[in-house]
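One structure is given here, and the rest of the page talks about it.
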Amino acid sequence: MELRVTDLACARGGMIVLQDVCLQLRAGQALLLRGPNGAGKTTLLRTIGDLQKPITGTIDAPEDSIAYAAHQDGLKATLTVRENLQFWARIYRRHMGDVLQRMNLQVLADRPAQSLSAGQKRRLGLARLLVTGRPIWLLDEPTVSLDAASVALFGDVLRGHLADGGMALIATHIDLGIKADVLDISPFRAQHSVPQAGFEEAFL
Amino acid sequence: MELRVTDLACARGGMIVLQDVCLQLRAGQALLLRGPNGAGKTTLLRTIGDLQKPITGTIDAPEDSIAYAAHQDGLKATLTVRENLQFWARIYRRHMGDVLQRMNLQVLADRPAQSLSAGQKRRLGLARLLVTGRPIWLLDEPTVSLDAASVALFGDVLRGHLADGGMALIATHIDLGIKADVLDISPFRAQHSVPQAGFEEAFL
Amino acid sequence: MLPELGKYAATVLGAYALAILLIVGLVVLSLRQATRMRDRLRDVEERVKE
Amino acid sequence: MSIWEYANPKKFMQTSGLLLPWVTGLAAIALVVGLIWGFFFTPADYRQGATVKIIFLHVPAALMAINGWLMMLVASLIWLIRRHHVSALSAKAAAPIGMTMTLIALVTGAIWGQPMWGTWWAWDPRLTSFMILFLFYLGYIALWHAIEDPDTAADLTSVLCMVGSVFAILSRYAVLFWNQGLHQGASLSMDKTQHISNVFWFPLIVCMGGFVLLFVALLLLRTRTEIRARRLQALLLRERMA
Amino acid sequence: MIVLLIRDLRLAVRSGGGFGLGLAFFLLVAVLVPLAVGPQADLHARIAAGILWLGALLSCLLSLDRIFALDHEDGSLDLLATSPIPLEGVAAVKALTHWLVTGLPLTVLAPALGVLLNLPPDGYLWLFLSLLAGTPALSVIGTFGAALTVGLKRGGLLLSLLVLPLYIPTLVFGAEVARRGAEDLAIGVPLALLLAVTMGSIALLPFASALVLRINLR
Amino acid sequence: MIVLLIRDLRLAVRSGGGFGLGLAFFLLVAVLVPLAVGPQADLHARIAAGILWLGALLSCLLSLDRIFALDHEDGSLDLLATSPIPLEGVAAVKALTHWLVTGLPLTVLAPALGVLLNLPPDGYLWLFLSLLAGTPALSVIGTFGAALTVGLKRGGLLLSLLVLPLYIPTLVFGAEVARRGAEDLAIGVPLALLLAVTMGSIALLPFASALVLRINLR
Ligand code: HEM
Ligand SMILES: Nc1ncnc2c1ncn2[C@@H]1O[C@H](COP(=O)(O)OP(=O)(O)OP(=O)(O)O)[C@@H](O)[C@H]1O
Ligand SMILES: Nc1ncnc2c1ncn2[C@@H]1O[C@H](COP(=O)(O)OP(=O)(O)OP(=O)(O)O)[C@@H](O)[C@H]1O
Ligand SMILES: [Mg+2]
Ligand SMILES: [Mg+2]
């Protein structure tokens with residue numbers, strides 16, 4: 001099982017942002033995406049996660065193997081922590097198991113999601129990844145708002161996932177404390193040569 | 001000019017979260033609020049910023065001296081970066097001056113806010129603080145989504161603000177690279193003793 | 001000059017006037033948008049070439 | 001050379017640039033001739049009096065109102081199937097023209113109705129379905145304007161146009177069922193026995209030709225504007241990113 | 001997909017009910033119409049069937065924007081799109097939930113409101129049946145409209161504008177059935193047409209909604 | 001505060017127009033009513049004034065949730081509350097913007113829609129005047145309702161429910177003026193009452209709205 005991205009170009013708001021991206025992830029491997037603000041990390045993750053179409057290039061991954069965690073956690077404010085997780089578990093036809101314990105959410109389990117603090121919400125959002133049972137995780141700044149203890153906790157969870165043969169592609173600005181290769185995406189920034197006379201280029 | 005908080009207790013969702021908070025900020029001083037997720041940092045800042053009433057205790061600050069920057073930036077998606085800032089400048093009856101340059105936003109000035117990446121939006125949100133012209137800044141995780149360069153930039157801005165006699169109260173989990181006192185708010189966590197016989201306590 | 005319109009003069013003239021007004025309005029609007037866009041595009045093309 | 005060549009924006013700009021003056025000229029001539037002929041040189045009808053002269057605006061406008069929608073439908077389909085940007089943009093360009101034509105048909109009809117039926121407006125099926133068509137145009141245009149990203153807007157409006165067409169036809173039958181009306185049937189078709197007399201028929205033909213040409217001219221003009229707007233946007237974007 | 005249905009129903013009940021509110025709006029329209037048109041009972045009787053249909057349609061309309069917008073705002077629509085459930089299924093479930101929460105209660109309540117508006121007694125049954133046959137179409141068509149406008153902030157008014165013309169056939173046939181029922185005329189043809197519109201919409205529109213959703217999530 | 005007014009108007013125009021949409025919705029209601037109640041012209045003439053008033057009220061209603069919710073979602077309401085502008089001013093400006101964007105255009109269009117519904121010719125002037133006098137009250141009251149529900153996600157339906165009862169006096173007097181105008185009866189009393197309602201709302205409700213906003217932001 002592996003994720004292989006070749007010659008990918010992806011666009012945001014009608015503009016090509018990244019070009020010629022090639023990357024490869026093998027079972028058990030994690031890759032950190034680095035790049036300044038606006039480099040296109042979010043765009044790349046959304047494209048690989050099949051939320052938008054690539055302009056050119058291919059993304060090879062086994063079917064139904066990708067779980068994507070965005071800036072937003074997709075929590076329902078009026079459902080409790082447990083109900084929120086249970087919903088996603090059922091959608092993916094899996095059991096919740098000890099996920100609540102693993103993300104240190106047991107004491108919060110019966111509180112509605114709206115009464116959580118920013119960091120607690122984030123922990124719940126990350127717990128969702130565990131119930132999908134999917135091997136490839138795409139994480140967009142997963143540790144935003146987390147305190148040091150929770151970052152460490154998430155590091156453990158991530159290492160466990162990798163040890164089980166999972167993969168992770170992580171966009172982040174801060175140190176996660178896990179061993180991983182780093183890919184700086186700045187070199188893939190698209191070259192916007194001034195278009196020639198023709199009109200075709202105007203249409204992407 | 002100074003900010004003085006004495007014996008403050010504040011509540012969130014009908015529960016007292018923090019008790020007996022005392023703190024003091026003098027001109028030119030910054031104070032970092034530390035505490036694990038859910039400790040009550042956001043609640044404290046909102047109380048000091050007069051967005052919610054304290055349960056007990058007093059907050060002494062000169063009138064109209066506080067600017068609050070929340071998790072959310074209050075940007076209008078269809079207005080451009082410049083228009084967004086200009087609006088706030090006018091509301092505070094001030095001029096924009098070189099704020100765009102100082103937050104490295106000049107190249108983005110004419111783009112609608114909705115087309116910014118997460119970090120770019122955050123930079124714009126922070127630029128708003130500069131146009132308020134208020135001395136006391138309450139910052140709730142200001143550097144979320146910012147890359148290293150932008151964090152450094154913001155550090156400079158903050159140092160400038162302090163050098164001009166400003167103050168800042170900052171809730172954060174990560175290092176901002178500025179010299180500041182640290183206040184761990186965990187000790188102020190409210191003791192939820194079971195209410196005694198009377199009815200009053202049950203009603204907070 | 002006008003043909004004999006009888007008691008329906010107001011009706012017929014009104015209909016013609018309104019319809020022609022609408023057509024002319026649309027034409028003028030389209031023309032104005034067209035020239036504006038042409039000029040703006042020309043400006044930008046020149047700026048980009050530099 | 002295949003017809004799809006013209007879906008290339010550059011090619012389209014060249015060709016339409018050449019065509020536009022001719023089409024505009026022809027449209028102007030046909031309209032002026034037709035309307036002057038109709039207005040000055042036709043007799044009053046024995047039943048309808050001078051009001052019959054309104055037909056030279058009313059019927060062609062009604063014709064183009066429907067044809068405009070049909071054209072948008074075809075262009076939307078082409079966009080969805082072959083993804084030619086020009087076709088999506090031409091659909092966008094056609095909508096305001098079609099809406100104006102619908103409005104002209106409604107307004108002239110309303111003015112005509114005052115002497116003929118003694119009322120400005122009646123809930124006759126023909127009139128009602130035109131009102132509904134007007135609403136469809138409104139919604140279509142509003143959707144184009146509401147969406148920022150041009151390709152997304154093209155996709156969504158195309159789907160709306162297709163679904164809308166089905167419901168427009170349904171509405172037509174619904175309205176027919178709801179009320180049988182006052183309005184005359186379509187007597188333009190050649191085989192109808194109650195064909196209107198030639199005195200009116202010939203200038204009407206000229207006017208209809210004029211409206212068709214006017215539609216085409218405006219369509220070319222507006223499509224050119226849309227293409228330029230699209231290019232302008234792309235240039236600005238590039239400039240920003242550079 | 002049952003899971004999704006259960007979750008959505010639970011959310012509807014918890015959030016202080018799309019449930020009660022649709023009904024209450026319907027009730028208010030029925031109350032406001034007499035206040036607006038004046039107190040003549042014979043007039044009310046003549047317009048009752050039509051106005052009740054229109055009121056039902058408007059209450060449906062008002063709750064449409066919740067169908068997808070809430071899920072879009074908190075990001076769960078993105079997550080659902082990458083989940084094993086097909087988007088067609090999501091669209092169908094959303095329409096079904098909307099009907100269960102809005103259309104069905106409306107249908108049940110309508111005859112009671114008929115009393116307020118002096119609906120002739122013969123009309124109650126037909127009003128009920130026509131709403132039962134017609135409201136599913138309203139939900140399905142509305143889901144399509146909601147999918148079209150899902151990316152837009154507070155697109156509520158645009159949504160109404162797009163959806164109302166699509167509602168016309170349903171409204172005409174439905175109101176016709178109810179009106180003819182009240183006046184004791186034959187109702188066979190419009191009822192058949194109404195059912196045809198409903199069936200057709202249910203069969204086809206979820207696919208269009210899924211298509212449009214996919215475009216919007218891009 | 002002028003700044004706020006300008007910004008809000010600009011936002012209204014940019015976001016593809018709360019402007020046109022309210023009007024279009026009004027038009028739609030005027031078209032749907034005959035489709036629902038049947039094509040009899042005499043019937044339409046009798047209900048025209050009332051229905052147009054009701055339509056204007058509903059279009060106002062549908063755009064109410066934009067008044068504060070957008071600002072609340074993106075956090076600018078919090079920021080405005082801590083800014084030098086008093087919240088009373090914010091509430092008043094928001095109501096004014098809403099009226100300029102919705103109530104005023106509706107008032108101007110209403111007579112044209114009177115044609116569709118066979119409003120008797122005497123009625124046009126009074127319809128126009130009654131809307132001119134009444135729609136400001138609708139906006140101010142609506143702003144109060146919007147302030148009440150500002151914390152709620154998609155509280156649109158609840159908002160309608162809270163606001164509709166408050167709209168009743170305005171509707172009753174307004175529709176009465178328009179109806180009596182159409183039937184050539186004396187309109188003095190309802191017009192005076194309508195004006196009183198409007199003036200009273202404008203004078204007092206912004207304070208209530210500001211109060212409620214303050215509570216909601218806590
Ligand atoms: C306000 C509303 C009206 C609308 C929307 C409307 C619409 C139409 C349409 C769509 C046609 C085209 C028929 C076709 O080509 O098949 C048409 C034709 C016509 N209309 Fe109207 N109409 C209106 C009012 C009137 C009135 C008041 C009169 C006069 C009494 C009138 C007289 C005619 C005539 C004579 C034709 C030509 C019919 C023929 O020979 O094909 N219309 N109208
Ligand atoms: N709607 C849009 N129109 C035009 N450009 C856009 C749009 N949305 C995003 N962009 C641009 O696309 C680029 C890539 O954005 P993206 O969100 O992928 O960046 P990112 O690497 O995730 O940044 P961050 O670290 O700040 O989250 C940015 O330069 C951004 O300004
Ligand atoms: N509506 C609510 N009802 C009950 N409890 C709540 C509610 N909102 C927040 N809380 C609780 O109040 C506490 C303080 O929350 P607050 O948001 O102030 O924490 P924080 O220090 O900002 O945390 P973080 O670092 O995660 O942002 C948390 O334990 C949270 O669970
Ligand atoms: Mg990002
Ligand atoms: Mg916090």
Side-chain angles (χ1 to χ4, degrees), chain E residues 15-18 20-22 24-25 27-29 31-38 40 43-44 46-55 57-59 61-63 65-66 69-70 73-74 102 152-161 163-165 167-169 171-172 174-176 178-180, chain F residues 15-18 20-22 24-25 27-29 31-38 40 43-44 46-55 57-59 61-63 65-66 69-70 73-74 102 152-161 163-165 167-168 171-172 174-176 178-180 183:
Chain E
S15 70
L21 293 181
F25 183 81
L27 182 69
L28 270 167
V29 170
V31 173
L32 285 183
V33 167
L35 287 178
V37 303
Q40 304 99 318
L43 192 59
H44 297 167
R46 284 180 67 193
I47 61 175
I51 291 294
L52 284 176
W53 245 93
L54 190 63
L57 188 151
L58 289 175
S59 343
L61 195 72
L62 276 182
S63 45
D65 64 342
R66 311 175 130 242
L70 285 175
E73 276 166 17
D74 64 16
T102 316
L152 309 170
K153 285 235 151 194
R154 304 269 143 189
L157 211 47
L158 177 66
L159 174 58
S160 317
L161 188 61
V163 165
L164 278 181
Y167 274 176
I168 288 178
L171 173 68
V172 168
E176 192 81 357
R179 199 164 63 241
R180 295 201 182 185
Chain F
S15 71
L21 292 181
F25 183 81
L27 178 67
L28 266 164
V29 171
V31 174
L32 287 182
V33 166
L35 286 177
V37 304
Q40 304 95 321
L43 193 59
H44 298 164
R46 287 179 65 192
I47 61 176
I51 291 293
L52 284 175
W53 246 94
L54 193 61
L57 188 152
L58 289 176
S59 343
L61 198 70
L62 275 182
S63 46
D65 63 343
R66 311 176 130 242
L70 285 175
E73 276 165 17
D74 63 17
T102 317
L152 309 171
K153 287 234 150 194
R154 305 269 142 188
L157 209 48
L158 177 64
L159 173 58
S160 316
L161 211 59
V163 167
L164 277 183
Y167 274 176
I168 287 181
L171 175 69
V172 170
E176 191 75 37
R179 199 166 62 242
R180 293 203 183 183
E183 290 168 11

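Bear in mind the structure is a predicted one, so any value in this text is a computation, not a measurement. Below, chain A is the first sequence line, B the second, and so on; all start at residue 1.
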- side-chain contact (heavy atoms from CB on, under 4.5 Å) involving F:Ala178 - partner list, sequence neighbours excluded: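 Scan of F:Ala178 (side-chain contact (heavy atoms from CB on, under 4.5 Å), adjacent residues dropped) gives F:Ala49, F:Trp53, F:Leu127, F:Ser130.
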- Item | For E:Leu28, side-chain contact (heavy atoms from CB on, under 4.5 Å) partners two or more places apart |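 For E:Leu28 the side-chain contact (heavy atoms from CB on, under 4.5 Å) partners, ignoring immediate neighbours, are F:Leu161, F:Leu164, F:Pro165.
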- Item | Contact leader toward chain F among E:Leu43, E:Leu171, E:Val31, where contacts are heavy-atom pairs under 4.5 Å |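 Option with the greatest count: E:Leu43.
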- Below 4.5 Å from any heavy atom of chain F, which atoms of E:Gln40 appear? Answer side chain, backbone, both or neither.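 For E:Gln40, the side chain is the part near chain F, not the backbone.
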- With a 4.5 angstrom heavy-atom cut-off, could you sort out which part of E:Leu27 is near chain F: side chain, backbone, both or neither?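 When you check distances to chain F, no heavy atom of E:Leu27 falls under 4.5 Å.
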- Task: Keeping the roles fixed (side chain from E:Arg179, backbone from F:Ala36), state whether a donor-acceptor pair exists under 3.5 Å.
- Result: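 Flag set: sc E:Arg179 to bb F:Ala36 pair under 3.5 Å.
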- Got F:Tyr167 and E:Leu32 here, is their nearest side-chain heavy-atom distance under 4.5 Å?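 No - every pair of side-chain heavy atoms lies 4.5 Å or more apart.
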- Message: Using heavy-atom distances under 4.5 Å, tell me whether F:Leu52 contacts chain E through its side chain, its backbone, both, or neither.
- Response: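 Interface part for F:Leu52: neither.
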